[in-house]
Amino acid sequence: KWQQPDIVGANGGYVDVDHLVYTIYNSSEKEVKKDIKGLEATVTFDNDGEQQLESFTVNAKYTDTSADNKGASVETNSLIAGAAYTIPFEESWADAKAATSLWTKDAVSGKSYDASWYARADADYDGNGGGADMTGYAAGAASRWCSPKLDLSATTQPVASLFVKIPSGNMEFALQVQTEYGEWQNIAQLTEATEWTPITVDLSPYRSKCIRLGLLGTCVTDINYVYVDQLTVAETLSSVESAATDDVSIIPGIGRITVVTATPVDVKVFNAAGALVYTGNISTTETISLNAGIYIIKADAHIKKAIVR
């Protein structure tokens, strides 16, 4: 959609808005739709293959002018072409580089050089040689690192999990979500985390064909840091046997499961053949490395099934 031009033109002349038609061009300046008489149109773009930014330009001209006689143009916001990721989705920035694409950066406050996100080896939680690191150089500077688009429309109870550390203090972190290119919303916030701290958020309210997650860091004082690692979006597991309470979360990932609990629990993990592959007491959060397969996890009174890919 776009707004109708004002009846007073850029040079003070009269604009006969009733005799305008509009043409839409893609980012390659290729005409995708022309002779539009209304103030909105539907265009399609490729939703297969690797994700990439796409935007469109809307141009107005009179119906009786040549195709070369274009008026002023207005550009749409950027969209993402290409196939959306489905769950389980995981990004842990192994070897200090993103394994998924398309990640984009927004300078939310301050100049782009005042704060920005990078994949770096020193932001490593899970031992794979990398994580996400936002360095803020100026107080008040804020930067967002936006994930690739995800399709959660076929999920039942998706959750996002990640680990955050603010080693220097004086930094605010927020996990954000954007649905169908709408406004960014905070869904988790953290202001103190001198050690790696797990965050788990229910994404059920955002089960759309197009959502993005945002890592937002805000620098409170000059020169501070926030680290993020092991970002996962997966389906919440249902209990195989009922329990009086369910304060233990089992989050599957690629080659692992993560157990999150508010109180200490004894955890045993069995493979599909019934063999015990892990046992231990977990007091807060622990990630267990596993081969691909189906597992039964017993955490005190809870018995749950997980599929590791």
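For the single chain, residues carry numbers from 1 onward in sequence order.
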- Message: Using only atom types and a distance under 3.5 Å, with no angle test, would you say the side chain of Glu54 pairs donor to acceptor with the backbone of Ser27?
- Response: yes

- Is it the case that one hydrophobic cluster holds both Tyr113 and Val226, taking links as side-chain heavy atoms less than 4.5 Å apart, direct or via other members? no

- Query: Backbone N or O of Gly131 within a donor-acceptor pair of the Asp124 side chain at under 3.5 Å?
  - Reply: no

- Message: Under 6.0 Å between ring centres: does that hold for Trp117 and Trp93?
- Response: no

- Message: Just so I know, are the side chains of Glu180 and Lys209 near enough to count as touching, which here means a heavy-atom distance under 4.5 Å?
- Response: yes

- If you look at every heavy atom in Thr179 and Ser208, which pair is closest and at what distance? CG2-CB, 3.5 Å

- For Arg256 and Leu290, run side-chain contact (heavy atoms from CB on, under 4.5 Å): C-alpha distance rounded to whole Å, both residues' side-chain angles, the deciding distance at 0.1 Å, then the answer. CA-CA 5 Å; Arg256 67 170 187 262; Leu290 296 168; 6.0 Å; no

- Residues Ile251, Ile257; criterion side-chain contact (heavy atoms from CB on, under 4.5 Å); working and verdict: CA-CA 6 Å; Ile251 305 167; Ile257 61 170; over 6 Å; no

- Query: Could you go step by step and tell me if Phe56 and Leu79 meet the side-chain contact (heavy atoms from CB on, under 4.5 Å) rule?
  - Reply: CA-CA 9 Å; Phe56 298 90; Leu79 309 173; 4.2 Å; yes

- Polar side-chain atom of Asn11 near backbone of Gly13 as donor-acceptor pair, under 3.5 Å: no

- Query: Which distance, rounded to the nearest 0.5 Å, do you find between the CD1 of Ile24 and the OG1 of Thr57?
  - Reply: 10.0 Å

- Does the Asp133 side chain pair with the main chain of Tyr118, one donor and one acceptor, at a distance under 3.5 Å? no

For residues 169-178, tabulate all N or O donor-acceptor pairs below 3.5 Å that involve a side-chain atom, not counting sequence neighbours.
from	atom 1	to	atom 2	distance (Å)
Gln176	OE1	Arg144	NE	2.7
Gln176	OE1	Arg144	NH2	3.4
Gln176	NE2	Asn186	OD1	2.8
Gln178	NE2	Gly182	O	3.1

- Here the pair of heavy atoms bringing Tyr278 nearest to Leu276 is O-CD1, 3.2 Å

- When you check the side-chain N and O atoms of Tyr85 and Glu91, is any donor under 3.5 Å from an acceptor? no

- For the side chain to side chain contact (heavy atoms under 4.5 Å, CB included) test, which of Val233, Asp151, Leu150 pairs with Ile211? Leu150

- Please confirm whether the backbone N or O of Ala142 pairs with a side-chain atom of Ser109, one donor and one acceptor, at under 3.5 Å? no

- Task: Could you list the residues that satisfy ring pair (Phe, Tyr, Trp, His ring centres under 6.0 Å) with Tyr227, not counting sequence neighbours?
- Result: none

- Message: Are the side chains of Ser161 and Val260 in contact, using a 4.5 Å heavy-atom criterion?
- Response: no

- Message: Does Leu39 have more than 12 heavy atoms from other residues, nucleotides or ligands lying within 6.0 Å of its CG?
- Response: yes

- Message: Surrounding CD of Glu31 (heavy atoms of other residues, nucleotides or ligands, distance under 6.0 Å), is the total greater than 12?
- Response: yes

- Query: What are the two closest non-hydrogen atoms of Trp196 and Ala123, and how far apart are they?
  - Reply: CH2-O, 3.5 Å

- Task: Validate the cation-pi geometry between Lys165 and Tyr225: distance from NZ or CZ to the six-membered ring centre under 6.0 Å, angle to the ring axis within 45°.
- Result: no

- Mark yes when over 12 heavy atoms from residues, nucleotides or ligands other than Asn77 sit less than 6.0 Å from its CG; otherwise mark no. yes

- Message: Counting C-beta onward and ignoring hydrogens, is there a side-chain heavy-atom pair between Pro198 and Thr284 closer than 4.5 Å?
- Response: no

- Task: Could you tell me which non-hydrogen atom of Ser116 sits nearest to which non-hydrogen atom of Ser143, and how far apart they are?
- Result: CA-OG, 3.6 Å

- Minimum side-chain heavy-atom gap Tyr62-Val15 below 4.5 Å: yes

- Query: Between Thr100 and Glu90, what is the shortest heavy-atom contact and its length?
  - Reply: CG2-O, 3.7 Å

- Task: Check the hydrophobic clustering (I, L, V, M, F, W, Y; side-chain heavy atoms under 4.5 Å; chains of links allowed) and say if Trp184 and Val108 are grouped together.
- Result: no

- Under 3.5 Å donor-acceptor, Lys105 side chain and Ser112 backbone: no

- Glu50 atom CD: more than 12 heavy-atom contacts under 6.0 Å: no

- Contact summary for Leu162 and Val164, nearest pair of heavy atoms: CD1-CG2, 3.8 Å

- Query: According to a 4.5 Å side-chain heavy-atom criterion applied to Ile, Leu, Val, Met, Phe, Trp and Tyr, with indirect links allowed, do Leu190 and Val201 form part of one hydrophobic cluster?
  - Reply: yes

- Side-chain touch Tyr22/Pro5, heavy atoms, less than 4.5 angstrom: yes

- What distance separates Asp106 CG from Leu215 CG, expressed to the nearest 0.5 Å? 11.5 Å

- Task: Answer yes if the side chains of Thr258 and Thr287 hold a donor-acceptor pair under 3.5 Å, and no otherwise.
- Result: yes

- Item | Distance in Å, Ile166 CD1 paired with Thr197 OG1, rounded so as to fall on 0.5 Å steps | 8.0 Å

- Query: Should Cys146 and Trp103 count as side-chain neighbours, where that means a heavy-atom distance under 4.5 Å?
  - Reply: no

- Message: Main chain of Tyr125, side chain of Asp229: is a donor-acceptor contact present, judged purely on distance under 3.5 Å?
- Response: yes

- Message: Measuring from atom CD1 of Ile250 to atom CD1 of Ile296, what distance do you get when rounded to the nearest 0.5 angstrom?
- Response: 11.0 Å

- Task: Please check if the side chain of Arg212 supplies one atom and the backbone of Ser147 the other of a donor-acceptor pair under 3.5 Å.
- Result: yes

- Query: Going hydrophobic residue to hydrophobic residue with side-chain gaps under 4.5 angstrom, can you get from Leu213 over to Leu53?
  - Reply: no

- Under 4.5 Å between side-chain heavy atoms, hopping through other hydrophobics if needed: is there a path connecting Tyr181 to Leu203? no

- Side chain of Lys149, backbone of Ile80: donor and acceptor closer than 3.5 Å? yes

- Look at the side chain of Asp202 and the backbone N and O of Ser204, then say whether any donor-acceptor pair between them is shorter than 3.5 Å. yes

- After noting the C-alpha distance and the side-chain angles of Thr279 and Phe270, does the key distance pass the side-chain contact (heavy atoms from CB on, under 4.5 Å) rule? CA-CA 9 Å; Thr279 183; Phe270 302 86; over 6 Å; no

